[in-house]
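To start, the structure under review is shown below, and the notes come after it.
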Amino acid sequence: MTRFAPSPTGYLHIGGGRTALFNWLYARGRGGKVLLRIEDTDRDRSTPEASAAILRGLTWLGLDWDGDVVSQFDSKDRHAAVAHEMLARGTAYKCFSTQGEIAAFRAEAEARNTYAVFQSPWRDADPATYPDAPYVIRMRAPRSGDTVIDDKVQGQVRIANAQLDDMICLRSDGIPTYMLAVVVDDHDMGVTHVIRGDDHLNNAARQQMVYDAMGWRIPVWAHIPLIHGPDGKKLSKRHGAVGVEEYQKMGYPAAGMRNYLTRLGWAHLDAEIFTTEAALQMFDLEGIGRAPARLDFKKLENTCGHHISMSADAALLHELQAFLAVTGKPPLTEPQQDLLLKAIYCVKDRAKTFPELLDKAHFVLVSRPIARDDAATNSLDAAACAILQSLVLQLQNLHWTKPELEMILTAAATANGIGFGKLAAALRAALAGRTIAPSVYDMMLVLGRDETIERLAEAANTAQSLG
RNA sequence: GGCCCGUUCGUCUAUCGGUUAGGACACCAGGUUUUCAACCUGGGAAGAGGGGUUCAACUCCCCUACGGGCUGCCA
């Protein structure tokens, strides 16, 4: 049983997406479950919009979860009850120190250029001396000895208890802190494996104390390194895309994204390009590296290119339409869908992203009269138009197959004493309005005899009328 | 400041004491070609620095440097 527990304070960060993916791969690869819990105990920063964005991001990545999305805040009474139970057990105590007092303590330490953990004067105070004032519930943490985190990624990490303060479990307004809530929820929900960013590694020590205080079983920890930008610094907005949805809008296929993210910071021998099914088979905590990985868009694109060419045509068309929808572009018309489906086979090997795929398939998305770019117009000179004109006649009656077309076109080129390349340029200009387009045979096959002839005739006439 | 984690080609990484340090992306050169892309062949490219331990260290230990994280009534 794993879980993904993002805090709803913004979009789904690419690093969060990878964390979710690792949880998902680990659990689903061995018949386990994945839970989704929104860590919204910080009422000021949590928003429903952010929650929705996170769900959209996960869904796009193709990651599903078991059961309902859990709101951590909904369990606040249970968290508070646990805090009070710790109080009753003596593993926690009431602290009446005000935030001002604590701030003053820290300021003083800083002035001396030192750092000291805050030690509450109420830790061992006689309850008879408790004032009638707001209080927080603090964990009565051990002050000597070490806490050892047995981590699947980081190994055994030993942290001196003297480094850790008595963390607050219940705020003075009765709302639980993340530190308490996360432990209670993970325990209550039956989470056995906690796979999360290594920014939580130090926190794990304190959280472990809560498990101990309550006599609960400590989960398997796996703290994975964060993702960095191309410059090796922590990934932030100045690096460009950090939100998962931005990648969707740039037109990367979800399968390619999964593949790339899986390989970022994880490896299994020389496996590079693999399906999600294969990833589920291979994925293991052992393969996760300990160093932070940098984002490399070139490799992302390459990976996505492989996945686009691996995809089934119909699935690709579906995803392409979803891409158009999220980017606010006009949807495909029925005829465009039909033609595109036929054309995908000859363009999917050459595209790394959906915008590229759309660009390569430009010839089926346009309709007559076909707009031409300058290069296309230039390649339609008088000689070329004459050949197109003659081809219009020759193409009327023949088997519409590649070998037949090949015979006709190469014959036309040699008969007119020009290279096939030149003829192909004219044909591309006629069929696609561009000189950069797929193979002329593929285009003719996809467009069919009638449309091909119409386009050739149109090109020949247009050029003639121009003089 | 304290504590924790990290450091193999430009990048992602393999290696789990003995390898000509392997693969992928990127890059360069050549080839193929019907444009673009793809593809094929070849090439350059790495163990942060310094000490140990060992017959032998990228691999184990220590120090330094650099990077990151934590140090909140944030998560």
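Across all strands shown, A:V157 has heavy atoms under 4.0 Å from sugar-phosphate atoms exclusively, and none from any base. Within 4.0 Å (heavy atoms only), A:R294 reaches sugar-phosphate atoms of the nucleic acid but no base atom. Residue contacts for A:P230: at a heavy-atom cut-off of 4.0 Å it reaches no nucleic acid atom on any strand shown. No contact: A:T262 has no heavy atom under 4.0 Å from any strand. Residue contacts for A:G265: at a heavy-atom cut-off of 4.0 Å it reaches the sugar-phosphate backbone alone, with no base atom in range. Nucleic acid contact class of A:R112 (heavy atoms, under 4.0 Å, all strands): none. Residue A:M179 is classed as a base contact, given a heavy-atom separation below 4.0 Å to a base. Using a 4.0 Å heavy-atom distance criterion, A:Q99 is classed as a base contact.
The gap from the C1' atom of B:rU7 to that of B:rU34 amounts to 49 Å, rounded to the nearest Å. B:rG67 and B:rC25 have their P atoms separated by 31 Å, with the value rounded to a whole Å. For the P atoms, the distance linking B:rA46 with B:rU8 amounts to 13 Å, nearest Å. Atom name C1', nucleotides B:rC61 and B:rU54: the rounded distance is 12 Å, in whole Å. B:rC55 and B:rG50: their C1' atoms are spaced 23 Å apart (whole Å). Here the separation of B:rA38 from B:rU32, taken at their C1' atoms, is 11 Å to the nearest Å. Annotation: B:rG2 and B:rC63 have their P atoms spaced 14 Å apart (nearest Å). B:rC9 sits 5 Å from B:rA45 when the C1' atoms are compared, rounded to a whole Å.
The side chain of A:T41 contributes an N or O atom lying less than 4.0 Å from OP1 or OP2 of B:rA75. Contact annotation: A:R106 side-chain N/O to B:rG72 OP1/OP2 distance is under 4.0 Å. At the phosphate of B:rG72, neither OP1 nor OP2 sits under 4.0 Å from any side-chain N or O atom of A:R206. Residue A:K352 places at least one side-chain N or O under 4.0 Å from the OP1 or OP2 atom of B:rA38.
In this entry the distance linking CG of A:L357 with C1' of B:rA38 reads 14 Å, nearest Å. Atom P of nucleotide B:rA75 and atom NE2 of A:H13 are separated by 19 Å, given to the nearest angstrom. Rounded to an integer number of Å, the gap from CG of A:L201 to P of B:rG69 is 13 Å. As rounded to whole Å, 16 Å separates atom C1' of B:rG67 from atom CG of A:D199. If you measure from atom CD1 of A:I273 to atom P of B:rA24, you get 11 Å, rounded to the nearest angstrom. Counting to the nearest Å, the P atom of B:rC40 and the CG atom of A:D349 are 12 Å from each other. Atoms CE (A:M443) and P (B:rC36) sit 14 Å apart, rounded to a whole Å. The distance between atom CD of A:Q207 and atom C1' of B:rC70, rounded to the nearest whole Å, is 12 Å.
Contact of A:D270 with B:rG22 (side chain to base): a donor-acceptor pair of N or O atoms is detected under 3.5 Å. You won't find any donor-acceptor pair under 3.5 Å spanning the side chain of A:T177 and the base of B:rC73, going by distance alone. The base of B:rA24 sits with one of its N or O atoms less than 3.5 Å from a complementary donor or acceptor on the side chain of A:K299. The base of B:rU35 is paired with the side chain of A:R428 by a donor and an acceptor separated by under 3.5 Å. Side-chain N/O atoms of A:R290 and base N/O atoms of B:rC5 include no donor-acceptor pair closer than 3.5 Å.
A cation-pi arrangement, defined by a distance under 6.0 Å to the six-membered ring centre and an angle within 45 degrees of its axis, is absent between A:R37 and A:F4. Cation-pi geometry between A:R263 and A:Y260 is not met: the NZ or CZ atom fails to fall both under 6.0 Å from the ring centre and inside 45° of the normal.
Partner assigned to B:rU15 is none, using Watson-Crick or G-U wobble distances below 3.5 angstrom. Across every strand in view, B:rA56 sits unpaired, with no contact that passes the Watson-Crick or G-U test at under 3.5 angstrom. Pair assignment for B:rC9 gives none, since no Watson-Crick or G-U wobble pairing has each distance under 3.5 Å. Summarising the base pairing, B:rC3 is matched to B:rG69 through a Watson-Crick or G-U wobble pair whose two defining distances lie under 3.5 Å. Under the Watson-Crick or G-U wobble criterion, with both distances below 3.5 Å, B:rC36 has no partner in any strand shown. Nucleotide B:rA45 is matched to nothing when pairs are restricted to Watson-Crick or G-U wobble geometry with both distances under 3.5 angstrom.
Checking B:rC12, B:rA75, B:rC3 against every side-chain atom of A:N202, the shortest atom distance belongs to B:rC3. Side-chain proximity of A:Q72 to the nucleotides B:rA75, B:rU11, B:rC25 is greatest for B:rA75. In this structure, the nucleotide among B:rC25, B:rC5, B:rG23 sitting nearest to the side chain of A:E272 is B:rG23. Of the candidate nucleotides B:rC73, B:rG69, B:rA14, B:rA14 has the atom lying nearest to any side-chain atom of A:A267. Of the candidate nucleotides B:rA37, B:rU34, B:rC73, B:rC73 has the atom lying nearest to any side-chain atom of A:R171. Closest contact between the side chain of A:N203 and the listed nucleotides B:rG68, B:rU34, B:rA75 involves B:rA75.
Nearest heavy atom pair, residue A:A205 against residue A:I159, reads CB-CD1, 3.9 Å. Summarising the geometry of A:D150 relative to A:W221, their closest heavy-atom pair is O-CD1, 3.9 Å, with the distance given to 0.1 Å. Considering all non-hydrogen atoms of both residues, A:A343 and A:F363 come closest at CB-CZ, 4.0 Å.
Side-chain contact check for A:H223 versus A:I195: every heavy-atom pair is 4.5 Å or farther apart. A:V392 has its side chain out of reach of A:L388: every pair of non-hydrogen atoms, C-beta onward, lies at least 4.5 Å apart. Between A:I175 and A:L170 the shortest side-chain heavy-atom distance does not fall below 4.5 Å.
The nearest heavy atom of RNA chain B to A:H200 and to A:H228 marks one nucleotide each, and the one closer to the 5' end goes with A:H228. The nearest heavy atom of RNA chain B to A:S7 and to A:D165 marks one nucleotide each, and the one closer to the 5' end goes with A:D165.
Using a cutoff of 4.0 Å between basic side-chain nitrogens and carboxylate oxygens, A:R140 and A:D166 are not scored as salt-bridged.
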So A:R106 and A:E110, salt bridge (Lys or Arg N to Asp or Glu O under 4.0 Å) or not? Walk me through it.
CA-CA 6 Å; A:R106 293 205 176 108; A:E110 197 172 326; over 6 Å; no
